[in-house]
Structure formats: structure tokens, C-alpha cells
Amino acid sequence: MLVYVCIAQIYFDFRLIVLKCAKEINVSKMSGGLRIIALGFFLLPFENTFLAPSSGWPAVSPVIFAVYFILYGLSNIRWMHLIWMLLLIVISLIGYFFSLVFYDGFNRYFVRDVLGAVPSVMLGFSFLVSLLRVSYWGGKFRYEEFSYCLRMFLAGSITALLFSLFILVAGHMMQNELTLTLLDFLLKRNRDVERFSFVFAEPSFVSVHLLGVIVPLWVMAKLLGLEKEARRLICLLLVYICLSLLFVSSARLYLDILYLGGVWLLFKGQTVRCADSRAVAGSALAVILGCMLFNVFIAHPEIVDLLTLGRVNMTNDFRAIISSDASLESRFFRVEAVWEGLRNNPAVLFFGAGFGNAGQLVDSGFSVAFQNFRSGFTKEVYEIAAKGSGSNIYNMYLKVVAEFGVVLLIVAVIKLYSRKSIFLFFVLAWVYLQFDSYAFYGLWIYLVVKNIIAAQTDSTKGLDEEGRNENSSCCGTV
């Protein structure tokens, strides 16, 4: 019943978007740049189409935002951006030197990996500029522009859900050469239509989309006072969760939902409140219950087998649990290889191997990680042995350490942390444990959220000072 209610709610929102958006916001008067950004928001849920340039994370929207940046955003580059870029280049040069000395030569695919990592950062920065343009730009809050972009995002989400249902139905009911050829053309990856994938590269990417896109956009909507859009985003979140549970499209989603619920309980979903004693006590109780539930799953593995359609096997051996899922074991292999590479040369731990050069650490720790590899799915491991891993580690923290060193990671976490955005901080902290693309939206949305909070705080202080000045002048007059 909850699924039908949420779908009905979003359907009416979709009708509102299509029929009334032009009336609420005069689209004909919008600049070409804003239309490009709106198109990027519409395509945010589509992360597995033939239009995507990359097969690792086949998203189209980053390219759309890059088009906006090239046409309209280049003039917004400031000296501070260039200084940060120069600092990262200097740190990378130090890392390249250490990797050359301690690893007896450069990475075998050094040029390819470094040049291949540059577009990821540029795409992420393009999204940052695009998001600022429609939220807080020129010292003004852009309520209408951001509301319009959120409506386009909702429209795109409904379109993506309908398209994914078509793929599932077509794959099951129309098993003919024409249909399969069409799906093979439309989809970049995950052409296995047996699983509901929400037009993502992998069904498990739904967790990253929920916690790394929808929740951060909801926080922005709440900060800017767009209550209607915020409610719609919550309904969309529930639809994704319910459909995922209904089709059992991602085993990892269970853990992600529990984590999101725990963070919500701890900070009550607030962007500007820290935890109180009752919230801490409630979270502690949730952790205890979670541990008890984990023990139940170990004692009754048939429950987990039912919930995950046999994809995860519960045992007392943590590594055996990881090895039971091919995708999870392949990700863990990269993490373990990098860790072994760092252990071999502690100096690289402090300075990193340089931007885009994490693949050298994977090569260094490959043999040890391969000895510990237990899964029968060895295709990806053999591909790494033959072609290298590039900078893909699937863990942002380890990636930053591998490329820039642990010191820069500590500094970055300290700079990013804020009590006023603590809820979103911990949500995204979990997301980047399982994702490592610099182009992904979560980090850049978080930076905009911090910027909006700072602007609202400064505005409040300015109003308070004006009020005190008026009161003092009145007292003087009396």
C-alpha cells in the first residue's frame, strides 16, 4: 500500500511538472545556461545509457554540466581555485617522486591513469559550479531556479523508473532477438535484465543514488525552504526503497537503510542540530539491536539466503561473507591490494603516489591480495593483472591516501566536518566508503550545503546587528 501511495504522489507531481512548470516559472525567459543545468538534473537518474562516455560509472549528467561550465562557467574560476590546483599538483609531484624511488619505476600505465583521472575532477567541479548557479549565486539565494531543477529531477526519476520497468518486462516477456538487441544498444552495462536495476550500472548503485543524491538534495531543499519539493523527494526515496525491497535488487541496501535510519535517529534528520542525550541513547539501543539481529542472521543463515536470493552466505568468518558475493569480493580485492602496497612502502602512506597513480599501489600489493582472494569470480582480477586497475579502488578514503597521503586526508576531513551539517556529513561519509569517483555528486552537494549554511548564518548575523543598531538609535533619540 505504501508503494502505491508514493507512486501516486509522485505521479501527480509529474503531472504538475509537465503541465504547470511553465506557468510557475517562465521557461521562455530562462537563460540557455539554466536550461542546460535543468537537462542535467533530468538525466541524473540515468546512469546506464549508451550516451555515457564511461563504462565504469556510465552517467550522462556530468557531461551535461561540463557543457554548461565550458559555455558559461569558465569566467567563474577564481585565484583560490588555481591555488588549490597548484597545491595538489605539487603534492602529486612529490608522490610521483616517491613512487619512482620506492617502486623501482613508474606505474606501467602511468600516463594513461593520470590523464584518465583528470576528467573526473573537471566533471565534478563543473557540477559544483552548475549547482551553485541554481542555488546560491551572486550573493542571492536562487529559490525558483533550484525548485525548477528539482522538479526536472523528479520528472527524470519517474521516467527512469518507468523505463526500468519496461526493461524488466521486455526482458522477461519479450525474449526475442530484436528486443535483446535494442536493450543491448540502449544500456551501457548490466544487460542482465533478470534483476531490476533502476537504469543504474549495477542494482547495488541504488544505495549510492539514495544516500549520495536524493538525501543531499533533500537537505538543500529543506535549507532553502522548498517544503513541497522536500516532501516529494522523501516520497521518491520511499519508492526507490520499496521497489528495491520488492525486487530484491540490492543485498547491500539492507545495510545502507539501517545506517541511514541510525544517522537519522542520532541527528533527527536535522542539518543544523547536534545530537542530544536521548538521540545518543536511542542510537546506542539501535546498535545493540543491530548486533543482536546480526547474531540471529549468523545462527539462521537461511534468512539471509532468502532475503538476498542466495547472493550472500552468513557465517562466523567475515571474509567468507565478503567472498560469497562476487561484486563485493572484487571491490575488497582492490582495497586489500592498495593496503598491501602502502604497507610495503610507509613513506608513500604520508605523501601518496600522486594524483591518478593509485594503480601502482594495486600492482604492488596484487600478489598478496590474490593469495587471499576466495571468490570464483576471477574475471575482474585477471583484467587488473593484464590491464591495470587505473585509479578505481571503490573507497574514497583509501583512494585519497593512495594518491595524496594520509595527512591530506585528515586535513580534508577536518575541513569538511561541520556541526551545522553533521547529518549529511555522516550520510556521505558512508557513501564514500563504497564509491570513489571525484565526479560523483555527493561531495559537491555537501560543499554547496556548507556554503548555503554559511550564507544564511551571515545573513542572520547581519539582521541581528541591524536590529541592535536600530534599538540603540531609538534609545539615543529618547
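All residue numbers in this chain count up from 1 along the given sequence.
- Side chain of Ser135 to main chain of Leu131: a donor-acceptor pair is present (N/O by atom type, distance under 3.5 Å, no hydrogens or angles).
- The minimum heavy-atom distance between Met220 and Ile445, with the atom names listed, is SD-CG2, 3.7 Å.
- Closest approach of Asp256 to Leu211, counting heavy atoms only: O-CD2, 4.3 Å.
- Inter-residue side-chain proximity for Leu210 and Val215 is flagged as unmet; no heavy-atom pair is nearer than 4.5 Å.
- Side-chain N or O atoms of Glu47 include none that pairs as donor or acceptor with a backbone N or O of Ala59 at under 3.5 Å.
- In this structure, the side chain of Asp436 engages the main chain of Ile393 through a donor-acceptor pair within 3.5 Å.
- Classification of the Phe440-Phe435 ring pair by plane angle, with boundaries at 30° and 60°, yields perpendicular.
- Under the 3.5 Å distance criterion, the side-chain polar atoms of Ser120 are matched with a main-chain donor or acceptor of Ala439.
- No side-chain heavy atom of Val406 sits under 4.5 Å from any side-chain heavy atom of Tyr397.
- Between Trp264 and Phe423, the two ring planes are perpendicular [angle over 60°; tilted spans 30° to 60°].
- Side-chain contact, Ser421 with Tyr446: a donor N or O sits under 3.5 Å from an acceptor N or O.
- Of the possible polar contacts, one joining the Gln456 side chain to the Leu223 backbone as a donor-acceptor pair under 3.5 Å is found.
- Aromatic pair Phe127/Trp444: ring centres not closer than 6.0 Å.
- Ring geometry for Phe125 versus Phe69: interplanar angle over 60°, hence perpendicular rather than tilted (30 to 60°).
- Counting only heavy atoms from C-beta outward, the side chains of Arg232 and Arg151 approach each other to under 4.5 Å.
- A heavy-atom distance below 4.5 Å is found between the side chains of Val129 and Trp137.
- No side-chain heavy atom of Leu123 sits less than 4.5 Å from a side-chain heavy atom of Phe65.
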Could you walk me through whether Ile37 and Cys149 pass the side-chain contact (heavy atoms from CB on, under 4.5 Å) test, one step at a time? CA-CA 8 Å; Ile37 297 175; Cys149 288; 4.0 Å; yes

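- In this structure, Pro216 and Leu428 have side chains that are in contact, with non-hydrogen atoms separated by less than 4.5 Å.
- Relative to the six-membered ring of Tyr438, Lys399 meets both conditions, a distance below 6.0 Å and an angle of at most 45° to the axis.
- Between Phe425 and Tyr417, the two ring planes are perpendicular [angle over 60°; tilted spans 30° to 60°].
- Within the 4.5 Å cutoff, the side chain of Tyr394 has no heavy atoms near those of the Leu433 side chain.
- Contact annotation: the side chain of Val448 never approaches that of Tyr136 to less than 4.5 Å [non-hydrogen atoms, C-beta and beyond].
- Across all their heavy atoms, Gly356 and Ala117 have their closest contact at CA-CB, 3.8 Å.
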